[in-house]
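Notes follow once the structure below has been shown.
By convention here, the first residue in the shown sequence is residue 1. Heavy-atom basis, side chains included; hydrogens, waters and symmetry copies ignored.
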Amino acid sequence: VSVATIETSAKHRLPGVNQTYLSGGMSIHEGLQAALKQDPNIIMIDNVPDGPTAEQAVHAATTGHLVLAGLHAESSIAALLRLRHTGVEPFLLMTSLRASVGQRLVRKLCPECRERYALSDEERGQLEESFGIATPAARKRVHELEKSAAPSIFGDVKQLNSTPAQITHLWKPSETGCDTCEHTGYKGRTAITEVLKNTDGLQKALLAREIMSTGSVQALMLKDGFIPMGLDGLVKALRGQTTATEVLKAMAGQT
């Protein structure tokens, strides 16, 4: 497999990969053009800054290359709309895009000293408002997601922290910590993520130019099982990987 990268700075040397580091005034678009002349199987671009680069990347994807591209955007949906607004034709975008993935990093609770606590009615109301889960259907979905995540995320914790009707418990860092986490209450980081898949419904809406905002895309994709980043973070908070506060800070910070 032939792999080529176009990178704005050299962070890691990858043996067997043809890496292009931009220097001497070379643009990402020019670097991509040079990489395509090598006819690689896989192309990785660390950032798509403008319309010409986006169009070139999309054309590469439609001609048999696997293109992995980074975008500065607030979410997976915003990344899709940014590509659309750069001037890429909808039919090209929809035939080339596999998925758009968004992620942010949050601190992980120390598994040795984290503490489980029951929510008060006031705390529960604030949590539901912050995460947009004030309806019975939304709370039931959170519970179903926690049940499905329980075996793989801290599977040693048997009890669930939600019911179909409400969230009952959450986790917090120990005030004193322990030797494992150097008395901080946190150890390491993990990602909260969302994956926007290229579904038939999304294709039809974009081709018909019906979607022009993040809210309208999310409303459409929620019907197909889309899990927003904040909801993924809430499930990880329920399973004791992080705290709801960490998730909200990451979402507000747009990191």
Side-chain angles (χ1 to χ4, degrees), residues 7 9-15 44 46-47 68 70-76 79 99-120 122-133 138-139 141-163 166-196 226-255:
E7 305 173 59
S9 61
K11 295 181 180 178
H12 302 282
R13 295 273 184 181
L14 304 176
M44 186 180 74
D46 69 353
N47 180 35
L68 309 174
L71 272 169
H72 294 298
E74 294 180 359
S75 65
S76 61
S100 174
V101 181
Q103 72 169 26
R104 295 185 189 137
L105 293 176
V106 294
R107 291 185 295 173
K108 289 178 64 175
L109 284 170
C110 174
E112 300 298 328
C113 64
R114 59 194 169 131
E115 298 174 358
R116 183 173 181 259
Y117 68 97
L119 289 174
S120 67
E122 182 180 359
E123 289 173 326
R124 185 176 297 110
Q126 293 174 346
L127 186 75
E128 291 175 354
E129 182 180 355
S130 298
F131 284 93
I133 54 169
R139 293 193 291 271
R141 189 184 185 207
V142 169
H143 176 66
E144 293 298 325
L145 288 172
E146 189 197 1
K147 280 204 306 182
S148 66
S152 57
I153 302 180
F154 279 137
D156 59 314
V157 179
K158 302 302 180 183
Q159 71 271 38
L160 295 177
N161 294 304
S162 65
T163 69
Q166 64 182 10
I167 292 175
T168 59
H169 295 78
L170 278 176
W171 298 82
K172 63 182 179 179
S174 167
E175 290 186 3
T176 57
C178 65
D179 291 341
T180 300
C181 61
E182 298 181 350
H183 301 280
T184 63
Y186 295 92
K187 185 174 178 61
R189 294 194 294 176
T190 189
I192 56 174
T193 64
E194 62 183 22
V195 180
L196 180 71
F226 175 68
I227 301 175
M229 199 182 305
L231 186 54
D232 178 67
L234 178 57
V235 172
K236 287 182 169 72
L238 286 169
R239 299 309 303 152
Q241 273 205 321
T242 187
T243 68
T245 301
E246 280 289 307
V247 174
L248 291 173
K249 281 169 59 178
M251 297 296 294
Q254 307 296 342
T255 57

Non-hydrogen atoms of [X] and [Y] that approach each other most closely:
X: Cys181; Y: Lys187; result: CB-CB, 4.3 Å
X: Cys113; Y: Ser174; result: O-CB, 3.2 Å
X: Gly233; Y: Ile192; result: CA-CG2, 3.5 Å
X: Ala149; Y: Arg239; result: CB-CG, 4.5 Å
X: Ala191; Y: Gln103; result: CB-OE1, 4.1 Å

Member of Asp232, Leu238, Leu234, Val235 meeting the side-chain contact (heavy atoms from CB on, under 4.5 Å) criterion with Leu145
Val235
CG on Asp46 to CG on Leu68, rounded to 0.5 Å
12.0 Å
Please confirm whether the backbone N or O of Ser162 pairs with a side-chain atom of His143, one donor and one acceptor, at under 3.5 Å?
yes
Would the distance check show the side chain of Ser100 and the main-chain N or O of Ser76 forming a donor-acceptor pair, the cut-off being under 3.5 Å?
yes
Check whether any side-chain heavy atom of Arg141 lies under 4.5 Å from a side-chain heavy atom of Ile227, and answer yes or no.
yes
Evaluate Ile167 against Asn161 for side-chain contact (heavy atoms from CB on, under 4.5 Å), listing each step before the verdict.
CA-CA 6 Å; Ile167 292 175; Asn161 294 304; 5.6 Å; no
Taking NZ, NE, NH1 and NH2 as the nitrogens, is one of them in Lys249 or Glu246 under 4.0 Å from a carboxylate oxygen of the other?
yes
Results of salt bridge (charged side-chain N to carboxylate O under 4.0 Å, His left out) for Glu112 - residues two or more places apart only:
none
